[in-house]
Amino acid sequence: MTLVPEHPWIRVRDLPNHVGETVTLRGWVRNHRSSGKIHFIEVRDGSGIVQVVCGKWDCDEETFAQAGTLTQESSVEIVGEVREDKRSSLGVEMGLSSLKIYHLAESYPITKKEHGVAFLMDHRHLWLRSRRQQAVMRVRHTIVKAIRDFFDDRGYYLMDSPILTPAACEGTTTLFPVEYFGSEAYLSQSGQLYQEATAMAFSKTYCFGPTFRAEKSKTRRHLTEFWMVEPEMAFFDIEDDMNEAEAFICHIVERVLETNRSDLEELERDLTALEATTPPFPRVHYDEAIEILQKLGSEIEWGSDFGGNDETILTQQYDRPIIVHHFPTAIKAFYMKQQPDRPELTCSMDVLAPEGYGEIIGGGERETNLDTLQEAIKHHGLDMSVFEWYLDLRRYGSVPHAGFGLGLERTVSWICGLKHVRETIPFPRMLEKMVP
RNA sequence: UCCGGCUUAGCUCAGUCGGUAGAGCGGGUGGCUGUUAACCACCAAGUCGUUGGUUCGAGUCCAACAGCCGGAGCCA
């Protein structure tokens, strides 16, 4: 048995390279129009959409009649000739000489008119077939590949961090508890501590996987399960870290711009905003950021973290991502390196995306001094015993090192110009949202 | 957890001053030789979120609850 067709099976995206040839098209009927003696069938296969035109004179009577019965989302195999057509955005359309209907779809819930978000989220498994969602998913795909390529090409090794962990990495956010052979484990909220270990073994490593936060956040930038890539570099200080993050973001945006033009057009993304993503990103010291925000009317005081609105008004001052650095020690995780001459500050940094998108990267240089680190763990009220292995990294060949974490969904959201991160992952997990 | 909003046909919504329910899309039937969310005609489709209250009478006014949406806090 085989499903290899007689005529070559061509994906929609590649049809313009086969003008004049008879090919096999496989996919789902996005829409069907008819004027009695001529059918227009829009077929989608995930790579694009093509219009199949079937006149009564083009095929036998039975085939023509069958084409007339096609409903939205019916699955089909069509053999026909690829023809150049300037009216099509793809540049080509297809004729129809034979038609195989795999399945005649029932009345499809997602119609051609508008739908509410709640309804669409409940039908996420079907919503993924729509044009806009496919554009977003293809951009996500490109970004994931660009992320891997960036690190792989720079001598990083992929070192997956565990997802089941014994305790909070940072002790800040709420974790999902898991029953683990009679004791309690948690779903990982960050792979970072493990990357510090692997970086001491391989110099430069990264992990890229799902991350879990049990925070009851109901905003456009939160998911309970999201993907994060976390590189960690030995012999890097905070300056090196910022430079790497900057090159990384530029690489991702550049790759999307060269790979996903038509998807960005579908999403009506303003390209000039993305094209501005070139080095150098403005570096804004925390002290300076507070001054700017206060001048702009924010109530923020030195020592606080930015509110959502602060991030928005600050980033609106710039045309590209900015890097805010040296946040106060009090609002950062225990492993952040304290600035030697100003211990109230850490060698930390956040990359904030423009256009109000805000934080997409958080990172910094790590504390290398054993005593300082032990104090910080105590100060944060964390259980020292589960960090013994981590402290070993400062006992055996401790070196300056730094890293960062990039939130994939927030990055996709920014690059696609979306209003909410829930559309950037195939099946979002949110407060009150587990199905589908 | 707190604040605000919404809930009427499968979907998106309208429903005036409180007087027993409407449109478009989708579905069905028929028509149409180039359509682009095609178009035209006809047909079917409703426990107005739930419970209680006010009233001769509630989709409409009041209360509670539920679900969803948005924002805050927290973070990527």
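- When heavy atoms are screened at a 4.0 angstrom cut-off, A/Phe119 is found touching the sugar-phosphate backbone but no base atom.
- Per the geometry, CD belonging to A/Glu215 stands 7 Å off C1' belonging to B/rC75, to the nearest Å.
- Heavy-atom neighbours of A/Gln316 CD from other residues, nucleotides or ligands within 6.0 Å: above the threshold of 12.
- Checking A/Glu230, A/Arg213, A/Gln195 one by one against A/Ser190, the side chain to side chain donor-acceptor pair (under 3.5 Å) holds for a single residue, A/Glu230.
- B/rU7 is paired with B/rA66 under the criterion used here, namely a Watson-Crick or G-U wobble arrangement in which both key atom distances are under 3.5 Å.
- As judged by a 4.0 angstrom heavy-atom cut-off over every strand, A/Gly116 is placed among residues touching the sugar-phosphate backbone only.
- Ring geometry for A/Phe387 against A/Tyr390 counts as perpendicular: the plane angle is over 60°, on a 0 to 90° scale with 30° as the lower cut.
- Between A/Phe327 atom CZ and B/rA76 atom P there is a gap of 10 Å when expressed in whole angstrom units.
- Across B/rC42 and B/rC25, the matching P atoms stand 13 Å from one another, rounded to whole Å.
- Side-chain proximity of A/Lys37 to the nucleotides B/rG70, B/rU33, B/rU35 is greatest for B/rU33.
- Between A/Asp305 atom CG and B/rA76 atom C1' there is a gap of 12 Å when expressed in whole angstrom units.
- Below the 3.5 angstrom threshold, one finds a donor paired with an acceptor across the side chain of A/Arg410 and the base of B/rC75.
- Using a 4.0 Å heavy-atom distance criterion, A/Ser107 is classed as a sugar-phosphate-only contact.
- For A/Gln51 against B/rU35, a side-chain-to-base donor-acceptor contact under 3.5 Å is present.
- Here A/His32 lies out of heavy-atom contact (under 4.0 Å) with every strand.
- The interatomic distance linking A/His39 (NE2) with B/rG31 (C1') rounds to 13 Å, in whole Å.
- Ring geometry for A/His39 versus A/His32: interplanar angle of 30 to 60°, hence tilted.
- Distances from the side chain of A/Ser35 to the nucleotides B/rC32, B/rA76, B/rU12 place B/rC32 closest.
- Screening A/Phe151, A/Phe281, A/Tyr156 for a ring pair (Phe, Tyr, Trp, His ring centres under 6.0 Å) with A/Phe248, the sole residue that qualifies is A/Phe151.
- The side chain of A/Arg33 contributes no N or O atom lying less than 4.0 Å from OP1 or OP2 of B/rU33.
- Between B/rG22 and B/rA14, the distance separating the two C1' atoms is 7 Å to the nearest Å.
- Separation of atoms CG (A/Asp45) and CG (A/Leu15) is listed at 7.5 Å; rounding is to 0.5 Å.
- Here A/Asp85 lies in heavy-atom contact (under 4.0 Å) with a base.
- Rounded to whole angstrom, the span from the CZ atom of A/Phe64 across to the P atom of B/rG34 amounts to 12 Å.
- Within 4.0 Å of A/Arg131, counting heavy atoms only, lies no atom of the nucleic acid at all.
- Taking the C1' atoms as reference points, B/rU7 lies 14 Å from B/rC11, given to the whole Å.
- At the heavy-atom level, A/Trp57 lies under 4.0 Å from base atoms of the strands shown.
- Not a single donor-acceptor pair, N or O on each side, falls under 3.5 Å between the base of B/rG26 and the side chain of A/Glu106.
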Query - Audit row: A/Leu70, A/Leu104, side-chain contact (heavy atoms from CB on, under 4.5 Å) steps and yes/no - result: CA-CA 7 Å; A/Leu70 288 171; A/Leu104 213 48; 4.2 Å; yes

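- Side-chain atoms of A/Glu423 and A/Gln133 form a donor-acceptor pair, as typed in the model, at a separation below 3.5 Å.
- Among the protein residues, A/Ser34 comes within range of the nucleic acid bases, having at least one heavy atom under 4.0 Å from a base atom.
- A/Leu120 has its CG atom 16 Å from the P atom of B/rC68, to the nearest Å.
- Spacing between atom CE of A/Met121 and atom P of B/rG67 amounts to 18 Å, rounded to whole angstrom units.
- With P as the reference atom, B/rU60 and B/rG49 are 8 Å apart, rounded to whole Å.
- A close approach under 4.0 Å does occur between a side-chain nitrogen or oxygen of A/Arg220 and OP1 or OP2 of B/rG71.
- Note that A/Lys100 lies in the cation-pi zone of A/Tyr102, set by a 6.0 Å cut-off to the ring centre and a 45° limit from the axis.
- Nucleotides B/rG26 and B/rC65 are separated by 41 Å at their P atoms, to the nearest Å.
- Across the strands present, B/rA44 finds no partner; the criterion is a Watson-Crick or G-U wobble pair with both atom distances under 3.5 angstrom.
- At a non-hydrogen distance threshold of 4.0 Å, A/Glu359, A/Ile360, A/Ile361 from residues 348-361 of chain A come into contact with RNA chain B.
- Judged by distance alone with a 3.5 Å cut-off, a donor-acceptor contact links the side chain of A/His222 to the base of B/rC75.
- For the 3.5 Å distance criterion, the side chains of A/Arg320 and A/Thr278 qualify, holding a donor opposite an acceptor.
- Look at the P atom in both B/rC17 and B/rC2: the space between them is 35 Å, to the nearest Å.
- In this entry the distance linking CD of A/Glu73 with C1' of B/rG26 reads 13 Å, nearest Å.
- Taking atom P in both B/rG59 and B/rA9, the straight-line distance is 14 Å, to the nearest Å.
- Of all nucleotides listed (B/rG10, B/rC32, B/rU36), B/rG10 comes nearest to the side chain of A/Thr111.
- Comparing B/rU47 with B/rA58, their C1' atoms sit 15 Å apart, to the nearest whole Å.
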